[in-house]
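Dropping the structure in here first, questions after.
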Amino acid sequence: MLERVRRLPRPPSRAALLAFAGRHRVLLVLLALAVVLRIVTILGYRWAIWFPDSYPYVDVALHPRPDPVRTFGYPLLLIVLRPLHSVAAVVTVQHLMGLAVACVLYALLRRPHLFARGRALPGWAAALAVAPVLFDGNQVELEHLLLSDTYFLLLVTVAAALVLWSPRPSVGQVTAAGLLLSLAAVTRTIGMPLLIIMLVFLVIRRAGWKAVAGGLAAGVIPIAAYCGWYASENGQFALSGTDGVFLYSRTMTFADCDEFGDKLPVDAYALCDSTPPEQRPASHFYVWEESQIFRYPGGIFAPYKSDLARTFAKEAIAAQPGDYFQAFLTDFGRTFRWDRPVYPDPKTYSYYVFPETTQEYWPGKAETVASYDDQSTATRVVEPYAGFMRAYQKAVYLPGTVLGVLLLASLGGVLARWRAWGGVALLPFGYATALLVVPPATVLFDYRYVLPAVPFAAVAAAVALRDLDTWRRFRKTPEGAGSATASPENEEPRVAVVS
């Protein structure tokens, strides 16, 4: 027994801790400020901000089931935290998740093998790359909402870090990443294309068939199991029942049934809208408020409705591909505006800003919520903390135009490494692009769907800009000056350890 005690690792010495703090001093300062920012948020908005989806999430957590609209990943997190009986604990965990995302990506950006010639980012640059996660006022507000987005972001971030952590990821690393992305897909269905992107990336990077097979099995089997559970309750083998109705709503901003000819089933004609497209509301109204989908019996996402809506959407896209592409580009373009105008409507937009007044529970919801956390009000606004966060959110956020610049820099880095099929930047660039493209292509643009893409765009841009700097320096050396086509991109990185 004494021998075992002697073999226990010793805690780091004071000198080692000081050395660690010195190496990462910029990140530690930024983390301290970000923690203060989140404490002020918690004090100002007690103890959470409720979104329309928050109530169904809590209900599914209290009565576990595969819901047709809200997948089970986030309710599972609420179930894990339920013994605490505190939504304050939930949002505190979510704030910690936001900080964890920044720490994981910072550590990843200090890995030398990600960069040409092994020139890892210095600490200040890596900290700058993760600053949007730490300080964007919209990100902080999203963490305080009872929503799945922050949890989803952490799952995807850790999965990406596992795949990129080593020059050649092990089977265990890839398998763990696949499991995390399967949980991400059950949290938000957009996790499915991210899993596909990861697998394609591994094939391109020649990670080995065992690693690819492990990631595929770990990703697909849990998703298939959940789909089977969903089918047993809802009659469809799917992650949710929303895709058909959501895609239908996307096409309703332009669909003209006169263009369909005789291809539209007779029972789908009730989904048509005679209102001129330029006078129609944003697409999500055709899910929740417009009359078309309610002309059929049953719930909004009943399998019959979903199939009919999907058929309508496919015919609309086939008959009017140019209009569909224009609708997509219009919404996609909103991502890159410098300002942040009200969209898609004032009511939805109001959920993405810190409220000015105390918020009551929705009528009839207080009793359900009390089973999870017995609080008299949904959100109690406490000054001056709340006022500070409202002013902060208006002033400190990443403009969409800056995000566009990051994406362009990322794309440049991927193209510059075309011989290596885009290099390591291909994975975060692919994630950022998918997270930004899929929502406006399948539903609509929404501000909350943009935020999870920002960290990955920043990581890919950081890799691209560092490699550009390396190339510039390399060209000035005698080795690089000797060839007009000299490039360090295919050289093995120098062995280095950044702790």
Side-chain angles (χ1 to χ4, degrees), residues 41 45 49-54 131-133 135-145 147 149-150 153 188 190 246 249-254 273 275-290 323-357 359 379 381 386-408 432-458:
T41 300
Y45 294 94
I49 301 175
W50 291 72
F51 192 81
D53 287 356
S54 304
V133 182
F135 295 109
D136 190 313
N138 299 313
Q139 171 68 33
V140 176
E141 198 268 351
L142 185 65
E143 292 171 12
H144 209 63
L145 283 162
L147 281 179
D149 300 67
T150 305
L153 174 59
R188 281 186 59 197
I190 198 174
F246 282 168
S249 72
R250 166 73 286 175
T251 63
M252 284 309 294
T253 56
F254 65 84
D273 188 355
T275 305
E278 62 274 11
Q279 299 177 16
R280 295 178 189 175
S283 58
H284 77 296
F285 280 89
Y286 287 91
V287 180
W288 309 110
E289 297 186 30
E290 290 297 307
D323 293 329
Y324 168 73
F325 190 62
Q326 182 179 356
F328 159 71
L329 283 182
T330 299
D331 261 12
F332 184 59
R334 300 181 196 277
T335 304
F336 308 110
R337 291 190 56 150
W338 182 266
D339 57 352
R340 190 179 166 92
V342 175
Y343 189 84
D345 61 85
K347 181 180 178 181
T348 302
Y349 183 86
S350 69
Y351 294 118
Y352 302 142
V353 296
F354 286 111
E356 296 182 2
T357 59
Q359 308 293 303
T379 308
V381 176
F388 175 83
M389 290 311 302
R390 288 195 299 272
Y392 179 89
Q393 186 182 20
K394 291 178 181 178
V396 184
Y397 64 92
L398 186 77
T401 309
V402 177
L403 174 58
V405 171
L406 293 176
L407 273 183
L408 287 176
T433 303
L435 289 167
L436 293 176
V437 167
V438 172
T442 57
V443 191
L444 83 165
F445 166 82
D446 194 300
Y447 286 113
R448 63 181 271 224
Y449 298 152
V450 174
L451 290 172
V454 172
F456 301 109

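All residue numbers in this chain count up from 1 along the given sequence.
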Quick one, Trp50 and Thr379 - any side-chain contact, counting heavy atoms below 4.5 Å?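 Result yes, sub-4.5 Å side-chain heavy-atom pair found.
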Under 3.5 Å, is there a donor on one side chain and an acceptor on the other for Asp446 and His284?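 Side chains of Asp446 and His284: no pair found under 3.5 Å.
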When rounded to the nearest 0.5 angstrom, what distance separates OG1 in Thr442 from CG in Asp331?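 Nearest 0.5 Å value for the OG1-CG distance: 10.5 Å.
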Is Thr348 reaching over with its side chain to a backbone N or O of Asp345, donor-acceptor style, under 3.5 angstrom? no
Nearest 0.5 Å please: distance from the OG1 atom of Thr251 over to the CG atom of Asp323. 11.0 Å
Report the distance from atom CH2 of Trp288 to atom OG of Ser249, rounding to the nearest 0.5 Å.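 The CH2 atom of Trp288 sits 9.5 Å away from the OG atom of Ser249.
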Output a table of donor-acceptor pairs, distance under 3.5 Å, between side-chain atoms of residues 449-456 and any protein atom two or more places apart or on a different chain; print 'none' if there are none.
none

Do the numbers put Arg280 on top of the ring of Phe254, so that NZ or CZ is under 6.0 Å from the six-membered ring centre and no more than 45° off the axis?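 The answer is no; the distance or angle limit is not met.
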Would you say that Pro344 contacts Leu444 through its side chain, given a criterion of any heavy-atom pair below 4.5 Å between the two side chains?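 Contact flag for Pro344/Leu444 side chains = yes.
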Looking at CZ of Phe328 and OG1 of Thr253, how far apart are the two atoms once the value is rounded to the nearest 0.5 Å?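 The OG1 atom of Thr253 is 12.5 Å from CZ of Phe328, to the nearest 0.5 Å.
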Between Ser283 and Val443 (side chain of the first, backbone of the second, donor and acceptor by atom type, cut-off under 3.5 Å), is there such a pair? yes
For the residue pair Gln139 and Val133, what are the closest heavy atoms and their distance? CG-O, 3.4 Å
For the atom pair OH (Tyr351) and CG (Leu142), what is the distance rounded to the nearest 0.5 Å?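 Separation between the atoms: 15.0 Å.
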Got a donor-acceptor contact below 3.5 angstrom from the Gln359 side chain to the Thr357 backbone?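 Yes, because the side chain of Gln359 sits within donor-acceptor range (under 3.5 Å) of the backbone of Thr357.
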Is the backbone N or O of Pro399 less than 3.5 Å from a side-chain atom of Arg340, with the two atoms forming a donor-acceptor pair by type? no
Kindly indicate whether a cation-pi arrangement holds for Arg334 with Tyr343, taking the cut-offs as under 6.0 Å to the six-membered ring centre and within 45° of the axis. yes
Given 3.5 Å as the limit, does a donor-acceptor pair link the side chain of Tyr45 with the main chain of Pro355, or not? yes
What pairs of residues pass the side chain to side chain donor-acceptor pair (under 3.5 Å) test when at least one of them lies in residues 396-406, not counting sequence neighbours? none
Compare all side-chain heavy atoms of Thr41 with those of Gln393 and state whether any distance is below 4.5 angstrom. no
Minimum heavy-atom separation for Phe354 and Gly137, please, with both atom names. CE1-O, 4.1 Å
List for me each residue that meets side-chain contact (heavy atoms from CB on, under 4.5 Å) alongside Phe135, sequence neighbours excluded, and say none if there are none.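 Applying side-chain contact (heavy atoms from CB on, under 4.5 Å) to Phe135 gives Leu30, Leu33, Ala34, Leu37, Ala131, Tyr392.
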Stepwise, does the side chain to side chain contact (heavy atoms under 4.5 Å, CB included) test hold for Phe336 with Val405? CA-CA 9 Å; Phe336 308 110; Val405 171; over 6 Å; no
Does the side chain of Tyr286 come within less than 4.5 Å of Arg250's, by heavy atoms? no
Does some side-chain heavy atom of Asn138 sit less than 4.5 Å from a side-chain heavy atom of Tyr352?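 Not in contact.
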Is any side-chain heavy atom of Leu145 closer than 4.5 Å to a side-chain heavy atom of Ser54? no
Does the side chain of Val353 come within less than 4.5 Å of Glu141's, by heavy atoms?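 No, every pair of side-chain atoms sits at 4.5 Å or beyond.
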Looking only at heavy atoms, what is the nearest atom pair of Ala432 and Ala457, with distance?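 That would be CB-N, 3.7 Å.
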On a heavy-atom basis, the closest approach of Leu398 and Asp136 is N-OD2, 3.0 Å
Roughly how far apart are Asp273 CG and Glu290 CD, rounded to 0.5 Å?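 Reported value, rounded in 0.5 Å steps: 6.5 Å.
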Return the minimal non-hydrogen interatomic distance between Ala386 and Val381, and the atom names on each side.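 Smallest interatomic distance, heavy atoms only, reads CB-CG1, 3.5 Å.
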